[in-house]
Amino acid sequence: MPKLYPFQKEGVQRIHKMGARVVLADDQGLGKTIQTLNYIKRTPNKRPVIVVCPATMKYTWQNEAYQHYKMEFHVLEGRCPEHVQHLNTKFVVINYELLESWLPVLLAMKPSMLVLDECHYAKNRTAKRTKAARKLSNECKHVIALSGTPITNKPSEYWPVLNMVRPDLFPNFVKFGWAYCRPRHTRWGWVFDGSKDTDKLNKLLTDTCMIRRLKAEVLAELPAKTRKVIPLKLSIGARKKYAEARDDFRKWIRKNNPAKAKRALKAEAVSKLGYLVRLASELKRPILIQWIHEFLQNNPDEKLVLMTMHTETIESLRGAWKDILVINGSVKGRDRTDAVRIFQTNPRHRLLVGNIKAAGIGVTLHASSNLVFLDLPWSPGDLMQAEDRIHRIGQKDRVLIQYLLALGTVEENLMKLLRTKSRVLNNVLNGGSTDTDLSVFNDLFKALAA
């Protein structure tokens, strides 16, 4: 098992003390997933376990559960096939959008524990996903809800989650609404969109079913920099396109880029590698945009720095967010300075994307403690330089660096090699000796050919 920080150990103990009927509402980046997985591993009598989470997080749960605790989660995809009536597994992960379709099968498992990751996805008590989650929670002895922002707008949005976690304390919405939501009468009836006695509600939750620690409270326990890989599974169509290029590059390049086919095939091995890297980046862009949307929604007080090697990725993000700030090779002089200044000082501008080469040096972006690599450079030096845009003097928070990698593609090999090369580079700079070449290109090609 991985070593937990003291506040994480305390979190696992409090989950146990509260009977695993709890809202784990720690700040973003404090390890809600790892605390929950640790508790699940320590309580083998609480099976089966169902995890419900956003679509982009399913394979993160699967990856971390196996990597750290050797628990194999079965990931559900698509609508439930008519012939499936039972799942022969102890661990299931599913996204909120599919929950209603799979509900009969999930109920047939007779689950013991339900985990609701980013539980505010079930804040609308009339939504189908919320109704399905409540039906599932009614059959589970233990319910753990996770979110750094369990209340995104008003207390009334918290009731569905509280009802699933502690139906004994919060059995009725109207009673909850009159106690904490300051209802008002309109021509359409009573509306529960206000708030009152929030201190009283906070004390009740803290005493009975909510664990919440802020970054500022546990800062001394955290490492200065944490790295995390987020695995993304491409769609069936995208995986097919990638496999065509990987398995028969000659046919693929003649079909998709005939103008460059002759030149590419003169150096086929090198060309194939470059095209596979670009293709993986292209095919995962819709998932990247979804992931960024979810991050901004789930972390309303956080800023985010994005790094990429590809101009096309920057342009796709510009199409998704009109106010995104950009630093690439075409942004120079005063425009570059203005982009940095606005990101550093204006709370309304939460998103900046940079080209890894152009934005990886000479700028300070520590208004954010979150950096995401949308794809990877060839050089570990470029990686470290880009990380240090937010991890530098003036940074008041611990830094979280995440890598969004497409499963089953060249990006997985590249990440492994970059990690190895980073250790080599660290030995060169900080002591130790090595003869290893710092370019990952040849090693990556060997790994792909193996």
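Since the structure is predicted, the reported quantities are computational estimates derived from the model, not experimental observations.
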Worksheet item: On the ring face of Y66, is K70 found with NZ or CZ under 6.0 Å from the centre and within 45° of the axis?
Response: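 Pair K70/Y66 counts as cation-pi.
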Item to complete: May I ask you to check if R278 and Y275 form a cation-pi contact, with NZ or CZ under 6.0 angstrom from the six-membered ring centre and within 45° of the axis?
Response: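 The answer is yes; both the distance and angle limits are met.
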Does any donor atom in the side chain of [X] or [Y] lie under 3.5 Å from an acceptor atom in the other side chain?
{"X": "N38", "Y": "Q8", "answer": "no"}
{"X": "T33", "Y": "E64", "answer": "no"}
{"X": "T226", "Y": "R398", "answer": "no"}
{"X": "N298", "Y": "H120", "answer": "yes"}
{"X": "T313", "Y": "R285", "answer": "yes"}

Would you check if the side chain of [X] reaches a backbone N or O of [Y] as a donor-acceptor pair within less than 3.5 Å?
{"X": "E10", "Y": "P6", "value": "no"}
{"X": "D26", "Y": "R213", "value": "yes"}
{"X": "K58", "Y": "L76", "value": "yes"}
{"X": "T43", "Y": "N45", "value": "no"}
{"X": "E221", "Y": "F7", "value": "yes"}
{"X": "K303", "Y": "H366", "value": "no"}
{"X": "R125", "Y": "W159", "value": "no"}
{"X": "R47", "Y": "T89", "value": "no"}
{"X": "R239", "Y": "L234", "value": "yes"}

For [X] versus [Y], what's the shortest heavy-atom pair and its separation?
{"X": "C53", "Y": "V93", "result": "SG-CG2, 3.7 Å"}
{"X": "L404", "Y": "E411", "result": "O-OE1, 4.1 Å"}
{"X": "S112", "Y": "K46", "result": "OG-CA, 3.6 Å"}
{"X": "L371", "Y": "F373", "result": "CD2-CE1, 3.9 Å"}
{"X": "R129", "Y": "Y121", "result": "CD-O, 3.0 Å"}
{"X": "Y96", "Y": "D117", "result": "OH-O, 2.7 Å"}

With side chains defined as the heavy atoms from C-beta onward, is the minimum distance between [X] and [Y] less than 4.5 Å?
{"X": "V165", "Y": "L116", "value": "no"}
{"X": "I230", "Y": "N63", "value": "no"}
{"X": "F170", "Y": "L205", "value": "yes"}
{"X": "P48", "Y": "V92", "value": "no"}
{"X": "I327", "Y": "R389", "value": "no"}
{"X": "L405", "Y": "V229", "value": "yes"}
{"X": "K41", "Y": "H68", "value": "no"}
{"X": "L418", "Y": "P380", "value": "yes"}

Worksheet item: Run the salt bridge (charged side-chain N to carboxylate O under 4.0 Å, His left out) check on R350 and D323 step by step: do they pass?
Response: CA-CA 9 Å; R350 301 173 56 204; D323 61 346; over 6 Å; no
Fill in: Check ion pair K215-E302 (N to O, under 4.0 angstrom)
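E302 and K215: salt-bridged.
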Discussion item. Do the side chains of K225 and D388 get close enough for a salt bridge, i.e. N-O under 4.0 angstrom?
Written reply: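 Salt bridge between K225 and D388, a charged N being under 4.0 Å from a carboxylate O: yes.
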Once you round to the nearest 0.5 Å, how far does [atom1] of [X] lie from [atom2] of [Y]?
{"X": "S235", "Y": "Y242", "atom1": "OG", "atom2": "OH", "value": "14.5 Å"}
{"X": "N202", "Y": "K200", "atom1": "CG", "atom2": "NZ", "value": "13.0 Å"}
{"X": "S137", "Y": "M113", "atom1": "OG", "atom2": "CE", "value": "14.0 Å"}
{"X": "S281", "Y": "L276", "atom1": "OG", "atom2": "CG", "value": "12.5 Å"}
{"X": "E157", "Y": "T130", "atom1": "CD", "atom2": "OG1", "value": "10.5 Å"}
{"X": "S156", "Y": "N124", "atom1": "OG", "atom2": "CG", "value": "9.5 Å"}

Worksheet entry | Matching residue for T364 among Q395, R392, Q344 - test: side-chain hydrogen bond (donor to acceptor under 3.5 Å, both in side chains) |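 Of the listed options, the one satisfying the test is R392.
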Practice prompt. Could you point out which residue of Y69, F73, W61 forms a ring pair (Phe, Tyr, Trp, His ring centres under 6.0 Å) with F91?
Written response: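 Single ring pair (Phe, Tyr, Trp, His ring centres under 6.0 Å) partner of F91 among Y69, F73, W61: F73.
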Item to complete: Walk me through it: do H391 and I401 pass the test side-chain contact (heavy atoms from CB on, under 4.5 Å)?
Response: CA-CA 10 Å; H391 183 240; I401 299 163; 5.7 Å; no
Item to complete: Let me see the working for N355 and M307 under side-chain contact (heavy atoms from CB on, under 4.5 Å), right down to the final yes or no.
Response: CA-CA 6 Å; N355 172 274; M307 290 286 181; over 6 Å; no
Worksheet entry | Sequence neighbours excluded - salt bridge (charged side-chain N to carboxylate O under 4.0 Å, His left out) pairs with any residue from residues 134-144 |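 Residue pairs passing salt bridge (charged side-chain N to carboxylate O under 4.0 Å, His left out), neighbours aside: none found.
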Fill in: CA sep, side-chain torsions, deciding dist, call: R42, H16, side-chain contact (heavy atoms from CB on, under 4.5 Å)
CA-CA 10 Å; R42 291 175 181 276; H16 178 74; over 6 Å; no
Discussion item. Tell me whether the rings of W291 and F295 are parallel (<30°), tilted (30 to 60°) or perpendicular (>60°).
Written reply: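 Ring orientation, 0 to 90° scale: parallel.
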If you draw a 6.0 Å radius around [atom1] in [X], do more than 12 non-hydrogen atoms from other residues or ligands fall strictly inside?
{"X": "I361", "atom1": "CD1", "answer": "no"}
{"X": "H293", "atom1": "NE2", "answer": "yes"}
{"X": "R336", "atom1": "CZ", "answer": "yes"}

Worksheet item: Given L352 and V340, is the side-chain contact (heavy atoms from CB on, under 4.5 Å) satisfied, shown in steps?
Response: CA-CA 9 Å; L352 182 144; V340 173; 5.6 Å; no
